Amino acid sequence: MAHRYCLTLDLVDDEALIAGYEKYHEAIWPEIRKSIVDSGITSMEIYRFDVRLFMIMETNDSFSFEKKAAADAANVKVQEWENLMWKYQQPVKGALNGEKWVLMNKIFAL
């Protein structure tokens with residue numbers, strides 16, 4: 001059974017940085033793609049409006065945020081990517097200290 005998660009994050013309000021962030025996402029590193037797929041994420045899309053990012057993730061039953069976080073913490077390339085991305089990213093209001101992508105609550109469905 002597929003599960004869908006929606007998350008949000010803000011970018012630093014700087015056009016050059018935003019362009020750089022988008023450039024990195026045109027062709028993510030192969031190790032990042034592998035870590036995403038290996039975690040049970042079957043589909044991932046990121047949308048942007050101004051500095052706000054919105055991510056839609058679909059996962060299989062093997063996925064959990066805890067397992068993904070543990071695997072990411074143990075993966076040198078993922079840590080390199082995450083540290084690089086912090087140059088472009090900033091937490092949304094209400095995020096916990098050090099938290100990047102924040103899980104959104106679904107409030108409507110048709």
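Numbers here are sequence positions counted from 1. Just so you know, these numbers come straight off a predicted model, no measurement behind them.
- Listed by chain and number, the residues in a ring pair (Phe, Tyr, Trp, His ring centres under 6.0 Å) with H3 amount to none (sequence neighbours excluded).
- Using a 4.5 Å heavy-atom threshold, the side chains of P30 and K77 count as separate.
- In this structure a side-chain-to-backbone donor-acceptor pair under 3.5 Å is missing from K106 to C6.
- Of all heavy-atom pairs spanning D50 and I18, the tightest one is O-CD1, 4.2 Å.
- A donor-acceptor contact shorter than 3.5 Å links the side chain of K67 to the backbone of S62.
- Contact detail for I41 and T59: the closest heavy-atom pair is CG1-CG2, 4.0 Å.
- Following chains of ILVMFWY side-chain contacts shorter than 4.5 Å, one can reach L11 starting from L84, so the two form part of one hydrophobic cluster.
- Residues I28 and Y21 are members of one and the same hydrophobic cluster, defined by side-chain heavy-atom contacts under 4.5 angstrom among Ile, Leu, Val, Met, Phe, Trp and Tyr.
- Between atom CD of residue E58 and atom CD of residue E45 there is a gap of 8.0 Å, rounded to the nearest 0.5 Å.
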Exercise. Passes side-chain contact (heavy atoms from CB on, under 4.5 Å), F108 versus L110? Steps please.
Worked result: CA-CA 7 Å; F108 176 78; L110 181 64; 4.0 Å; yes
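- Applying the salt bridge (charged side-chain N to carboxylate O under 4.0 Å, His left out) criterion to R48, with sequence neighbours excluded, gives E22.
- Taking all atoms of both residues into account, the shortest heavy-atom contact from P91 to L9 is CA-CD1, 4.5 Å.
- Here the closest heavy-atom approach between residue V12 and residue K87 is recorded as CG2-O, 3.8 Å.
- When the side chains of ILVMFWY residues are joined at heavy-atom separations under 4.5 Å, either directly or via intervening members, Y88 and L7 end up in a single hydrophobic cluster.
- N75 places no side-chain N or O within 3.5 Å of a backbone atom of A71 that could act as its donor or acceptor partner.
- For the atom pair F54 CZ and W101 CH2, the distance stands at 9.5 Å (nearest 0.5 Å).
- Screening Q90, R52, K93 for a side chain to side chain donor-acceptor pair (under 3.5 Å) with D10, the sole residue that qualifies is R52.
- Contact detail for E99 and W86: the closest heavy-atom pair is O-CH2, 3.9 Å.
- Note on M55: it does not cluster hydrophobically with V92, by side-chain heavy-atom contacts below 4.5 Å among ILVMFWY residues.
- With hydrogens and angles disregarded, a donor-acceptor distance shorter than 3.5 Å links the side chain of T8 to the backbone of L53.
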Problem set entry | Evaluation steps, side-chain contact (heavy atoms from CB on, under 4.5 Å), between R4 and S43 | CA-CA 9 Å; R4 179 177 294 141; S43 175; over 6 Å; no
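- A continuous path of ILVMFWY side-chain contacts below 4.5 Å connects M85 to F65, so both sit in one hydrophobic cluster.
- Note on ring orientation: taking the six-membered ring where Trp is involved, the planes of F63 and Y5 are tilted (angle from 30° to 60°).
- A distance of 5.5 Å separates CE of M57 from CE of M44, quoted to the nearest 0.5 Å.
- The aromatic rings of W29 and Y24 lie perpendicular to each other, with more than 60° between the two planes, well past the 30° mark.
- By the neighbour-count criterion of 12 heavy atoms within 6.0 Å, atom NZ of K34 is sparsely surrounded, having that number or fewer from other residues, nucleotides or ligands.
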